[in-house]
Number of protein chains: 2
Amino acid sequence: MDRLTIKDVARAAGVHPATASRALDPRLPGRISPATTERVVRAAAELGYVVDPVGRSLRTQRSGTVGVLVPDLLNPFYPPVVRGVQNVLREHGFEGLIASTDNDLRRGAELLDLFRARRCEGYVIASAGRRDAAVAALAGQGVPMVLVNRLTEVDVPSVTSDDACGIRNAVTHLRALGHTAIGHVAGPAGISVTGTRAAAYRAALRTAGITPRPAWVVRAGQYTAAAGEVACRGLLERGEVTAILAGNDMIAVGCLAAIAERGLRCPQDVSLVGINNMPLAEWLRPPLTTVAIAQEELGAQAARLVLARIVDPRADAGSVALATELIVRESTGPVRPAARS
Amino acid sequence: MDRLTIKDVARAAGVHPATASRALDPRLPGRISPATTERVVRAAAELGYVVDPVGRSLRTQRSGTVGVLVPDLLNPFYPPVVRGVQNVLREHGFEGLIASTDNDLRRGAELLDLFRARRCEGYVIASAGRRDAAVAALAGQGVPMVLVNRLTEVDVPSVTSDDACGIRNAVTHLRALGHTAIGHVAGPAGISVTGTRAAAYRAALRTAGITPRPAWVVRAGQYTAAAGEVACRGLLERGEVTAILAGNDMIAVGCLAAIAERGLRCPQDVSLVGINNMPLAEWLRPPLTTVAIAQEELGAQAARLVLARIVDPRADAGSVALATELIVRESTGPVRPAARS
DNA sequence: CTGAAAGCGCTAACAG
DNA sequence: CTGTTAGCGCTTTCAG
């Protein structure tokens, strides 16, 4: 009942193993007579035969496997991305090997080696640093690879969210509420989204007729609540801004803590906007206004691009930017005239 | 630079491929002369050879792969578990295939088939229903398998948290604050933890000298905030309890919403305790008192048990219950004399 | 201790 | 359209 091979199927159908193999391969249309195909398929079904991927891999030099690298599975941003990737891969008979780099480039390189050892046919990488030697090396070899969310200096096909548009909408929203002194708690340097978002923030301010001031921007050392809290304290001490755009929702959580700690209220004293729309955003007090990113779709698109490149390595998988949506909750409100202490 | 085989290593070292293979196998002590071993190892290192797991698998009939099934990767409880599993597996040269069942038994069965097709050598299953035919069938075949957190009717080695102890501590804590009318918002039926926790809740009450009343217990249809909110409303309407033990943190989030909706304050009017200590617990308003579970350790232990059973299938991997810890935050406080409506 | 040979399960290339 | 043959990369007999 356990080890069922193509030979068993062939014997049951009264044909040669090679014929059975061909009959079961849907990509060979008309190469086998309908009658034979029918007999083989029936025999396989009755016996409950499933191909041994190992034997197949050895012969075809293809593993049916894609490496998926995320910075941190514990960060609620990534599980939906992984889910999107897995679903699409499985639809196409592939399996994703999932790993977390813990935001460590060296660990990422090790994991890529591991994936290579396992003969992954392609890679979905959400953990790339702007300067990521391992990723650049792999890209240089022409291995099918798609970056998600974070880009490298080297040009590699990617799927990102259109943060610039989302941030523009957020600033417009704040401007309409009367805010003109809008701060930004940026994420750590060395990751592309940090720069993208900071630039988009400045551009959006200008578009709204506001001249950005350097004193309005502080940097969090990581995309975590703790780092966000520390950074936000610095911003609040200067007492200039009435609204804050956080680099992402985790940083926004830290901002919320810093705001409360200082005896201020959100949104009465300070309005706050996050980015990502993580599940926890709606459970915060106050529920967080945030720029939603279609995380699962991010993963799904990435998987589709990799698969396309696996099927045809020369297919130039262009990069994609997915639309974002501003989710207005209760952390943003009209500016108070007296707020500029 | 790409396809490097054992033959290449053997040639470089001037030995037969079989010899090279033996020299690189650490489990064969003294079967190969130190000099030869040295030469082969050096050659392999210089060339950058890594074994092809496919060729090895085909020969050894072992895939180096373990299937890992969780109910829902988007539920923040599971990523740490997965991480614990992966870390231990990788330390031992194994790779985990990760999949979410979306709390759907049929989907779980499909995924198990997928894993079986990929020749997984063992399984870590965190998604078992109390009556789970697919899991039971697999267990019956003597395939190495360890359940995490959720148990089935069939007896299978498992790693769980000692919820009973944690809940006892939570009730003791509430009792010390003066609460005697303590409610419970249980999770959905059909999952073992739901029953375990409900029973532990009743036992803990009795231990604290309180006679549990049926009217104090309501059931949420899922372990989600939305379901918790609906269930909790029913409990609050009766107006009997001054404290609530939620079936887990997600349900607790829902309780928080229901409490606020009713114009009550936590903890002044109603104290609340969760279970799991998910990351979001400390970001809630008020920060949630909860029973912490060592999730990563849960996964790590499970992986160790499976590996042990893979190495020696007759090893009777006993079940393990990990200690819990009550994390007291701000959602629990002294009972108000006037609180009983 | 090492070499030779065989074969894991599958499919591509080559007949027929 | 189908059978034959061969070999993917590795390890494990079996000889020596």
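Not measured: the values here are computed from a predicted model.
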End-to-end axis angle, where each axis spans five pairs of the helix from C/dC1-D/dG16 to C/dG16-D/dC1, to 10°: 40°
Donor/acceptor link under 3.5 angstrom from B/R22 side chain onto base of D/dT13: yes
Atom-to-atom span, NZ of B/K7 to P of D/dT11 - whole angstrom: 14 Å
Rounded distance in Å - CZ (A/R62) to C1' (C/dT11): 13 Å
A/Y223/A/T194 under side-chain hydrogen bond (donor to acceptor under 3.5 Å, both in side chains): CA gap, chis, key distance, verdict: CA-CA 10 Å; A/Y223 279 112; A/T194 300; 2.8 Å; yes
Salt-bridge criterion met for A/D102 and B/R83 (N-O under 4.0 Å): yes
Gap between atoms CD and P, on A/Q61 and C/dA13 respectively (whole Å): 13 Å
B/R116/B/D113 salt bridge by N-O under 4.0 Å criterion: yes
Phosphate-side-chain proximity, B/T19 and C/dT2, N/O vs OP1/OP2 below 4.0 Å: no
Given D/dT11, D/dC10, D/dT5, the nucleotide with the shortest approach to the side chain of A/A18: D/dT5
B/R314/B/D312 ion pair, N-O < 4.0 Å: yes
Short side-chain N/O contact to C/dT11 OP1/OP2 from A/R56, under 4.0 Å: yes
Donor/acceptor link under 3.5 angstrom from A/R119 side chain onto base of D/dG9: no
Phosphate-side-chain proximity, B/H16 and C/dA4, N/O vs OP1/OP2 below 4.0 Å: yes
Pair A/S319-A/S158, side-chain hydrogen bond (donor to acceptor under 3.5 Å, both in side chains): steps then yes or no: CA-CA 5 Å; A/S319 295; A/S158 66; 3.3 Å; yes
D/dC10 phosphate, OP1 or OP2, under 4.0 Å from B/Y49 side-chain N/O: yes
Enclosure of A/D155 CG (heavy-atom neighbours >12, cutoff 6.0 Å): no
Presence of B/S33 side-chain N/O under 4.0 Å of C/dT2 phosphate oxygens OP1/OP2: yes
Sugar-phosphate, base or nothing in reach of A/S57, heavy atoms under 4.0 Å: nothing
Distance below 4.0 Å between B/T36 side-chain N/O and C/dC1 OP1 or OP2: no
Side-chain-base donor-acceptor pair under 3.5 Å for B/R59 and C/dG9: no
Touch class at under 4.0 angstrom, heavy-atom based, for B/V51 against every strand present: sugar-phosphate
Among C/dC10, D/dT2, D/dT5, the one nearest A/I6 by side-chain distance: C/dC10
Between C1' of D/dT11 and CG of B/L58, the distance in whole Å: 11 Å
With A/R62, the side-chain contact (heavy atoms from CB on, under 4.5 Å) member among A/T65, A/T60, A/L58: A/T60
Whole-Å gap separating C1' (C/dG9) and CZ (B/R118): 15 Å
DNA chain C: 5'-proximal contact among B/G55 and B/P34 (nearest heavy atom): B/P34
Closest non-hydrogen atom pair, A/T5 against A/D8: N-OD2, 2.8 Å
